[in-house]
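Following: one structure in C-alpha cells, then a few remarks.
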Amino acid sequence: HAHVLSVYDPDRAREPQKNIVNEKRTNSDSVSITWEGADKEVVEQLKKGKIRILSSTLASPSAEALISDFSRVFGAKHVVWDNLGADELKEGQAICYGQEVVPRYRFDKARTVVSFGADFLGTYLSPVEFTKLFAKSRHAGPLMSQLVVFESLYSLTGANADTRVSVASDQLFASLMGLIHEIVVVNKKSSYSGNAEVQKWLEPYANVAVNAGISSQIFARLAKELWENKGESIIISGGLNVSTKQAVPLQIATNFLNSLLENDGKTIDASISPNKTYKGSNKGLALLIDEMNNGQVSTLIIHRSNPIYALPESSGFREALNKVGLVIYTGDRNDETGRVSNLFLPDHHPLENWGDGEFQKAVYSIQQPTIRQMFNTRAFQESLLIWMSLGGAKPTAKDWHEYLMSYWKANIYGQWTRGAKSFDEFWVDVLQRGVMDVSNLSAKRSATSAARAFSLGALRNAKVDAATPDLKLLLYSKVGMGDGSMANISWIQEFPDPVTKITWDNYLTVSEVYANNNSLKEGSLVEVSSSGFTEALPVHIQPGQNSNVVGVAVGYGRRNAGKIASESSSTIGDKSVGQNAFQFAKIENDQWIRSGMNVTIKVIEGKTHALACPQGHHMLRDKKLEVKDRDIIN
C-alpha cells in the first residue's frame with residue numbers, strides 16, 4: 001500500500017550525481033552530471049575488468065538474464081545479498097536434503113502447526129500468502145487447525161496461537177529437541193525410535209521441559225497430536241529474531257522433525273513451487289568484502305541495496321570500498337550507500353518501469369509502468385544495455401522494453417501457448433492477465449510432491465552450546481517498517497505495529513518482570529550496549545515477552561533517506577527517527593549473528609522519551625481481586 005506513495009516522495013533523486021567522497025567514505029559532496037558524462041566514465045572503467053555487481057534478490061528473470069549477458073561482455077560477477085534474508089533456512093535445507101531452497105509451506109493442508117520463533121503471519125518469508133493459507137484451515141469445527149508457538153518476543157503469530165510458550169532465545173533449540181525426544185524416545189514413534197545414532201543425539205534432551213520451565217504436559221499433548229496428524233502438520237522456524245548461533249542447528253532439527261512426521265512433500269513443498277525470492281547469501285557478501293580488500297575489484301555496481309546502512313561497521317564493508325577504483329550506486333535516492341559511492345545514477349521507480357517476476361517456480365508476473373517517469377532517471381536495466389553497447393558489444397535489443405519482450409518470447413511464450421497464438425496475441429494476453437502459470441501448476445499444486453530423503457549425517461551439525469543466564473538482545477523486523485527501505489514514507493511511520501500499537505520510533509522491548517526488577521517505566525531512556533555498539537533507546541514494557549531477552553526493531557535510524565525518516569524532534573538527541581539496530585549485529589566464525597547477543601542495559605537517570613501509542617495494553621485479570629485468569633468472553 002505504501003509503495004504507491006513512494007512514487008511521489010519529494011526526496012526521490014531527480015538527476016545523476018557525481019560524489020566527491022571523503023577519505024574515510026563517511027560522507028560526500030555531490031555535483032550534477034549528465035547521463036552522457038556518466039556513461040563515458042563508467043565504460044572507460046568497465047574496460048579495465050574486475051567488475052562486481054551487488055544487488056538484493058532480483059525476482060525478475062529477465063533482469064537476471066540481462067545481468068548474465070552484461071557479465072559475459074565485461075567479465076563481471078553478480079553477488080546477491082538480502083539484509084533480511086533466509087541464509088540459515090537455505091543452509092539447513094542444503095545440509096539435510098542437499099538442496100539449497102526456500103520451501104513453500106502449505107498451511108492450508110496442515111492440521112497442526114508448530115512455530116519455533118517464526119513469525120510467519122507477520123514478517124517471515126511470505127506472510128501475506130501464509131495468512132491466506134492459514135485462514136483456510138481455521139474454519140470452525142473439530143477439523144480446525146491448531147497453532148502452537150514457542151517464542152521469546154511477542155509476535156503477531158504468537159498472538160494468534162492456541163498455545164503459546166514463552167522461552168528464552170537459547171532454549172528454542174532445546175525445546176524443539178525435547179519435542180523430538182518425546183515422540184521418538186518416550187513414545188517410541190517412527191522408524192527412528194530404534195536408531196542408535198538418533199537415540200544418542202536426543203539423549204541430552206530428556207529433561208528439557210524442567211530446564212526450560214515448560215509444562216511437561218504441553219510436550220506430551222503436542223507429541224501425541226503431531227503423530228496423529230503426521231503428513232498434515234508443519235514445523236517451522238526462522239527469522240531475524242532467531243538468527244543466533246543456534247540458527248542452523250535449529251533448522252536441521254526442524255527439518256528432521258518434518259521428515260519424521262512425513263510432512264516433506266505434503267505440507268512442505270520444495271520441488272513443485274518453492275519460494276524464489278530469497279537468493280541472497282551472507283557468505284557471498286563476505287567473499288566480496290575479501291575481494292575488495294585484496295584489490296580484486298576495480299568497479300563495483302551496487303543496485304538497490306544499502307549495505308552501508310544495513311551492515312554493522314564491524315563488517316569492514318565501508319573500509320573495503322576504499323580499495324575499489326569506482327563505486328556506482330543505482331537507487332531511488334542518494335542514501336547511506338549512495339553518499340559514499342563515486343557515481344549515483346538514479347533508477348526509475350518500479351511503477352515507472354517495465355519488469356517481470358518469478359516469485360514461485362514457473363509462476364511469472366508482468367510489471368507495466370503506471371506513470372511516465374517524473375524525473376531525469378533511467379532504468380538500471382537500460383543502463384546495462386547502454387554500457388554494453390558503448391563497450392563494443394552487439395546490441396541484443398534497442399531498449400529494456402524490447403529486451404523484456406524478447407526474453408518472454410524465447411523462454412515463456414512457446415511453453416504457454418504451444419503455438420496456439422501469435423506472440424503479439426500472447427503478449428496482449430499477458431498484459432491483461434498479469435500472471436502466467438507457465439507449467440500449468442494450478443493442477444499440480446493440489447497434489448503432493450515427492451518426499452526428500454533426510455541425511456542423518458546432518459545431525460552431526462545440530463549441536464549447540466549450553467544455555468547461559470546472560471540477558472540476550474534479539475533484533476526483529478516490524479510488519480510495516482520491514483528493513484527500513486521505505487522509512488521516508490510517513491504512512492509507514494504512522495502505521496501502528498500490530499503487537500505494540502506504537503507508531504514512529506523503535507524502542508527496547510522488555511518483559512514486565514525485567515521492568516519491575518530494574519525499576520523501568522514505559523518510556524524510560526536507557527543505554528543499550530552489545531557487540532561493541534551503544535545506543536540510547538526508550539523502553540517499551542511488553543506483556544508476554546520472555547524475561548531473559550530484550551528486543552529492538554530494525555529499519556529505523558536512517559541518516560540519508562529523506563526529511564521524514566532522517567529528521568525528527570526526538571528528545572534522544574539524534575535527528576533520525578529511531579536508532580539503527582542493524583549495528584548491534586556481529587560476525588563470529590563466518591556466521592552473521594543478529595540475535596542472541598549478550599547485552600547490558602544502563603538507565604539514563606532522569607531521561608524519558610514519550611512513545612506514540614494510540615492504544616495501550618489491557619489485561620483480562622484483576623490484581624485487586626487476585627483473579628489470575630478469566631473465562632473466555634463470548
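None of the values given here were measured: they were computed from a predicted structure.
The two residues Ala2 and Ile492 have their closest heavy-atom pair at CB-CG1, 3.5 Å. Taking every heavy atom of both residues into account, Gln373 and Thr377 meet most closely at NE2-O, 3.1 Å. Between Gly280 and Lys90, the shortest heavy-atom distance links the atoms O-NZ, 2.7 Å. Of all non-hydrogen atoms in Ala561 and Ser566, the two that sit nearest each other are N-OG, 3.0 Å. The shortest heavy-atom contact between Leu404 and Ser62 is CD1-OG, 3.2 Å. Here the closest non-hydrogen pair linking Val242 and Ala247 is O-CB, 3.5 Å.
With Ser389 contributing its side chain and Ile386 its backbone, the two residues share no donor-acceptor pair below 3.5 Å. In terms of modelled atom types and a separation under 3.5 Å, the side chain of Asn334 and the main chain of Arg339 share a donor-acceptor contact. In terms of modelled atom types and a separation under 3.5 Å, the side chain of Asp347 and the main chain of Thr330 share no donor-acceptor contact. The main-chain N or O of Arg104 is never found under 3.5 Å from a side-chain atom of Asp269 such that the two would form a donor-acceptor pair. Put simply, the side chain of Ser595 gets close to the backbone of Leu240: a donor and an acceptor are under 3.5 Å apart. In this structure, the side chain of Glu358 does not engage the main chain of Lys276 through any donor-acceptor pair within 3.5 Å. In this structure, the side chain of Ser341 does not engage the main chain of Phe344 through any donor-acceptor pair within 3.5 Å. Distance alone, capped at 3.5 Å, places no donor-acceptor pair between the Trp387 side chain and the Phe70 backbone. Using modelled atom types, one side-chain atom of Gln367 and one backbone atom of Pro350 make a donor-acceptor pair closer than 3.5 Å. Remark: the backbone N or O of Glu313 is not paired with any side-chain donor or acceptor of Arg318 at under 3.5 angstrom.
For the side-chain hydrogen bond (donor to acceptor under 3.5 Å, both in side chains) criterion with Arg333, the lone passing option out of Asp11, Asp9, Asn306 is Asp9.
Note on ring orientation: taking the six-membered ring where Trp is involved, the planes of His401 and Trp427 are tilted (angle from 30° to 60°). A parallel orientation is assigned to the rings of His303 and Phe380, their planes being inclined by less than 30° (bins at 30° and 60°). The aromatic rings of Phe454 and Tyr97 sit perpendicular, their planes meeting at an angle over 60°, well past the 30° parallel limit. Aromatic ring orientation, Trp400 versus Tyr403: parallel (interplanar angle below 30°, classes split at 30° and 60°). Using bins of under 30°, 30° to 60° and over 60° for the plane-to-plane angle, the ring pair Trp81/Trp592 lands in the tilted bin. Under the 30°/60° scheme for interplanar angles, the aromatic rings of Phe495 and Trp491 are found to lie parallel.
Within 6.0 Å of NZ on Lys77 lie no more than 12 heavy atoms contributed by other residues, nucleotides or ligands.
Rounded to the nearest 0.5 Å, atoms CD1 (Ile51) and CD1 (Ile301) are 6.5 Å apart. One finds the OH atom of Tyr413 at 6.0 Å from the OG atom of Ser422 (value rounded to the nearest 0.5 Å). Summarising the geometry, atom OH belonging to Tyr105 is positioned 11.5 Å from atom CD belonging to Glu129; distances are rounded to the nearest 0.5 Å. Atom CG of Leu125 and atom OH of Tyr278 lie 5.0 Å apart (nearest 0.5 Å). Rounding to the nearest 0.5 angstrom, the gap separating the CG atom in Asp264 from the OG atom in Ser259 is 5.0 Å. Considering CG of Leu84 and OG1 of Thr123, their distance stands at 8.5 Å, rounded to 0.5 Å.
Between Arg25 and Asn322, the side chains place a donor N or O and an acceptor N or O closer than 3.5 Å (distance only, hydrogens not considered). Side-chain contact of Asp335 with Tyr329: a donor-acceptor pair under 3.5 Å is present, judged by distance alone. Side-chain atoms of Ser115 and Thr157 form no donor-acceptor pair, as typed in the model, at a separation below 3.5 Å. Checked by atom type, the side-chain pair Ser485/Asp483 shows a donor-acceptor distance below 3.5 Å. Residues Ser6 and His349 have side chains that bring a donor and an acceptor to within less than 3.5 angstrom of each other. Side-chain polar atoms of Gln93 and Asn255 form a donor-acceptor pair below 3.5 angstrom.
Using a 4.5 Å heavy-atom cutoff, the side chains of Leu385 and Pro395 are not in contact. A heavy-atom distance below 4.5 Å is not found between the side chains of Thr370 and Val4. Looking only at side-chain heavy atoms (C-beta outward), Asn411 and Pro61 stay at 4.5 Å or farther from each other. Side-chain contact between Ile289 and Lys323 is absent, with no heavy-atom pair separated by less than 4.5 Å. Counting heavy atoms from C-beta on, the side chains of Leu285 and Leu311 come closer than 4.5 Å. Between Trp354 and Met405, every side-chain heavy-atom pair lies at or beyond the 4.5 Å cut-off. No side-chain heavy atom of Lys266 sits less than 4.5 Å from a side-chain heavy atom of Lys109. Side chains of Asn488 and Arg558 form no contact here, defined as non-hydrogen atoms less than 4.5 Å apart.
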Show the numbers, then the answer: is there a side-chain hydrogen bond (donor to acceptor under 3.5 Å, both in side chains) between Ser60 and Asp356?
-> CA-CA 5 Å; Ser60 167; Asp356 59 359; 2.5 Å; yes
Starting from the C-alpha separation in whole Å, work towards a yes-or-no answer on side-chain contact (heavy atoms from CB on, under 4.5 Å) for Leu58 and His78.
-> CA-CA 11 Å; Leu58 299 176; His78 184 201; 4.2 Å; yes
Criterion side-chain contact (heavy atoms from CB on, under 4.5 Å) on Phe120 and Ile234, from CA distance to verdict = CA-CA 12 Å; Phe120 65 87; Ile234 290 176; over 6 Å; no
side-chain contact (heavy atoms from CB on, under 4.5 Å) between Arg304 and Ser55, intermediate numbers included | CA-CA 6 Å; Arg304 287 193 174 271; Ser55 76; over 6 Å; no
Go through the steps for Asn83 and Val554 under the test side-chain contact (heavy atoms from CB on, under 4.5 Å), then give the verdict.
-> CA-CA 10 Å; Asn83 52 13; Val554 299; over 6 Å; no
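The side-chain tip of Arg559 does not point at the ring of Tyr309 from less than 6.0 angstrom away and within 45° of straight on.
Residue pairs meeting the salt bridge (charged side-chain N to carboxylate O under 4.0 Å, His left out) criterion with at least one member in residues 375-404, sequence neighbours excluded: Asp39-Arg378. Counting only residues at least two apart or in different chains, salt bridge (charged side-chain N to carboxylate O under 4.0 Å, His left out) contacts with residues 56-73 comprise Glu64-Lys279, Asp69-Arg72.
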